[in-house]
Amino acid sequence: MLTLEKCKKEWEKSGKYGKPDERIKRNKLWMPYYSFVAEQMLGAHYTENKSAREMLQFLINEKALTAEDCVLDIGAGSGRYALEFAQLCKSVTAMDMNKASLAVVEQYANEIQLSNITTVPKAWEEYNTDDKFDFVFSAMCPAICNIDEILKMENMCNRTCCLVAVGRGSYEKVRQDIMKLLPITKVSGMTTEALQYYNILYLMGRQINVKTYSQHFEYEQTLDGLLAQYPMYFNIFGVDESICKKVITEYFNSHSENGVLKDECQLNYSLIYWNINKE
């Protein structure tokens, strides 16, 4: 029989998230990579994120999100959701420990003349406030990794909490292929799968609502692009840069045509939302 205690143990066993100070230390390993990604976006023009906008419009149609809401976005990154929230809601607090990512949020907000976004450069584990938000949100962020963090979300919330979580069957083909060729050390603290959230929230007695999405992308990669990004990414997994570059180059030379490599991404994810118990 599935119990809350069993789910708690399985969640920690599968993710090995550890204590808050351990999580903060581990998250810092990701900062160079996230900064690199953000820096590629600086100077570019804002474009509407259609999938994020579709998701938020669904929440509005379901009356889970309103134009008068004050929103907290935990692990906002470069603003994929925060910028869309800000165009639909009263205000947004975009919280992330990566300052380069928040610089992108601020740049785009300025470009499209949004004055209702506040950026907060903090780790979730260090973030405390007496403010209450109507809608507390987190998308594919490893910070929401146990029951205590779910309760912390709820404690900051007046009405609705929401998680976007990755589902099984998601992949990036080239990254997945290269990972199989590298001496990868399994990294703890990755994002929580949707199924784990379903089980935990159900056993906590939450009346959850779920909508699933699926997206498939096909695009092209260059060797220079792979060599600029992936050694930094795989370094987090304990792979030496020289080994990584050698494997990437050999893989590219074996699979590319006319100087480009065809890649694809399958993304399956769930929108999970629930109203908190106000009693």
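Since the model is a prediction, treat every value here as computed from it, not as a measurement.
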Fit a plane to each ring of W124 and Y127, take the angle between them on a 0 to 90° scale, and name the class: parallel (under 30°), tilted (30 to 60°) or perpendicular (over 60°). tilted
For H45, does the NE2 atom sit with more than 12 other heavy atoms under 6.0 Å from it, leaving out its own atoms? no
Measuring from atom CD of E10 to atom NZ of K13, what distance do you get when rounded to the nearest 0.5 angstrom? 6.0 Å
With rounding to the nearest 0.5 angstrom, report the CG to NZ distance, N199 to K6. 12.5 Å
What's the shortest heavy-atom distance between K262 and V174, and which atoms? O-CG2, 4.1 Å
Sequence-distant partners of F137, ring-ring contact (aromatic ring centres under 6.0 Å, His included), two or more places apart: Y81, F85
Say whether V37 and I236 are linked into one hydrophobic cluster, either directly or through other cluster members, by side-chain heavy-atom distances under 4.5 angstrom. yes
Can a donor-acceptor pair be found, under 3.5 Å and without considering hydrogens, that links the side chain of N155 to the backbone of L151? no
Would you say that L203 contacts T3 through its side chain, given a criterion of any heavy-atom pair below 4.5 Å between the two side chains? no
Mind running side chain to side chain contact (heavy atoms under 4.5 Å, CB included) on T118 and S91 for me, showing each step along the way? CA-CA 8 Å; T118 301; S91 68; over 6 Å; no
Beyond-backbone contact of S51 with Y269, side-chain heavy atoms, under 4.5 angstrom: yes
Let me see the working for M97 and Y34 under side chain to side chain contact (heavy atoms under 4.5 Å, CB included), right down to the final yes or no. CA-CA 10 Å; M97 68 185 295; Y34 287 138; over 6 Å; no
Are F133 and V120 linked, directly or through intermediate hydrophobic residues, by side-chain heavy-atom contacts shorter than 4.5 Å (ILVMFWY only)? yes
For a 4.5 angstrom cut-off between non-hydrogen side-chain atoms, does Y213 reach Q215? no
Just so I know, are the side chains of Q266 and S214 near enough to count as touching, which here means a heavy-atom distance under 4.5 Å? yes
Shared hydrophobic cluster for I74 and I150 (ILVMFWY, side-chain gaps under 4.5 Å): yes
Holding to side chain to side chain contact (heavy atoms under 4.5 Å, CB included), I want the full list of residues that pass it with N235, two or more places apart in sequence or in another chain. none
Quick one: pull up CG in N275 and CD in Q207 and give me the separation to the nearest 0.5 Å. 10.0 Å
Where do C89 and T66 come nearest, in terms of heavy atoms and distance? SG-O, 3.5 Å
Check whether any side-chain heavy atom of E68 sits under 4.5 Å from a side-chain heavy atom of D134, and report yes or no. no
Is there a path of hydrophobic side-chain contacts, each under 4.5 Å between heavy atoms of I, L, V, M, F, W or Y residues, that connects Y273 with V71? yes
Group every Ile, Leu, Val, Met, Phe, Trp and Tyr by side-chain heavy-atom contacts under 4.5 Å, then state whether Y33 and I248 land in the same group. yes
Taking the basic N atoms (NZ, or NE/NH1/NH2) and the acidic carboxylate oxygens, is any pair closer than 4.0 Å for R206 and E154? yes
With sequence neighbours excluded, tell me which residues meet salt bridge (Lys or Arg N to Asp or Glu O under 4.0 Å) with R80. none
Closest contact, heavy atoms only, G259 versus F252: O-CZ, 3.5 Å
Here's a test for you: under side chain to side chain contact (heavy atoms under 4.5 Å, CB included), which of T192, L163, T191 qualifies with I144? L163
Are Y233 and C244 packed together at the side-chain level, in the sense that at least one heavy-atom pair is separated by less than 4.5 angstrom? no
Of all heavy-atom pairs between K16 and R26, which one has the smallest distance, and what is that distance? O-NH1, 3.6 Å
Are T222 and D224 close enough, and set up right, to give a side chain to side chain donor-acceptor pair (under 3.5 Å), and what steps lead you there? CA-CA 5 Å; T222 65; D224 286 346; 5.6 Å; no
Output the distance between atom CG (L65) and atom OG1 (T160), rounded to the nearest 0.5 Å. 8.0 Å
Report yes or no: does E193 contribute a side-chain atom to a donor-acceptor pair with the main-chain N or O of R168 at less than 3.5 Å? no
Passing candidate, salt bridge (Lys or Arg N to Asp or Glu O under 4.0 Å) with D69, options K132, R159, K63: R159
Under 4.5 Å between any side-chain heavy atoms of Y46 and Q107, yes or no? no
On the six-membered ring of Y171, is K173 placed so that its NZ or CZ lies under 6.0 angstrom from the centre and within 45° of the ring axis? no
Is there a donor-acceptor contact under 3.5 Å from the side chain of T212 to the main chain of S270? no
Once you round to the nearest 0.5 Å, how far does NZ of K211 lie from CG of L271? 8.5 Å
For side chain to side chain contact (heavy atoms under 4.5 Å, CB included), just list the numbers for I147 and L4, CA-CA rounded to whole Å, side-chain angles, deciding distance to a tenth of an Å, and then say yes or no. CA-CA 10 Å; I147 289 177; L4 184 58; 3.7 Å; yes
Sidechain N-carboxylate O distance under 4.0 Å for E54, K50: no
Hey, which of L182, L226, I178, L223 is the one that makes side chain to side chain contact (heavy atoms under 4.5 Å, CB included) with Y251? I178
N110/E106 under side chain to side chain donor-acceptor pair (under 3.5 Å): CA gap, chis, key distance, verdict: CA-CA 6 Å; N110 183 64; E106 293 167 356; over 6 Å; no
Give, for atom CG of D130 and atom CE of M156, the distance between the pair rounded to the nearest 0.5 Å. 9.0 Å
Do side-chain atoms of E12 reach the backbone of K8 as a donor and acceptor pair under 3.5 angstrom? no
Chi angles and distances behind the side chain to side chain contact (heavy atoms under 4.5 Å, CB included) call for Q176, M179: CA-CA 5 Å; Q176 183 173 276; M179 286 187 79; 5.7 Å; no
Y202 side-chain N/O to Y197 backbone N/O, donor-acceptor pair under 3.5 Å: no
Which atoms form the tightest heavy-atom contact between L114 and A86, and what is the distance? CD1-CB, 3.8 Å
Quick check: closest heavy atoms across S78 and L83, and the distance to 0.1 Å? O-CD1, 4.1 Å
Are any non-hydrogen side-chain atoms of C162 and F135 less than 4.5 angstrom apart? yes
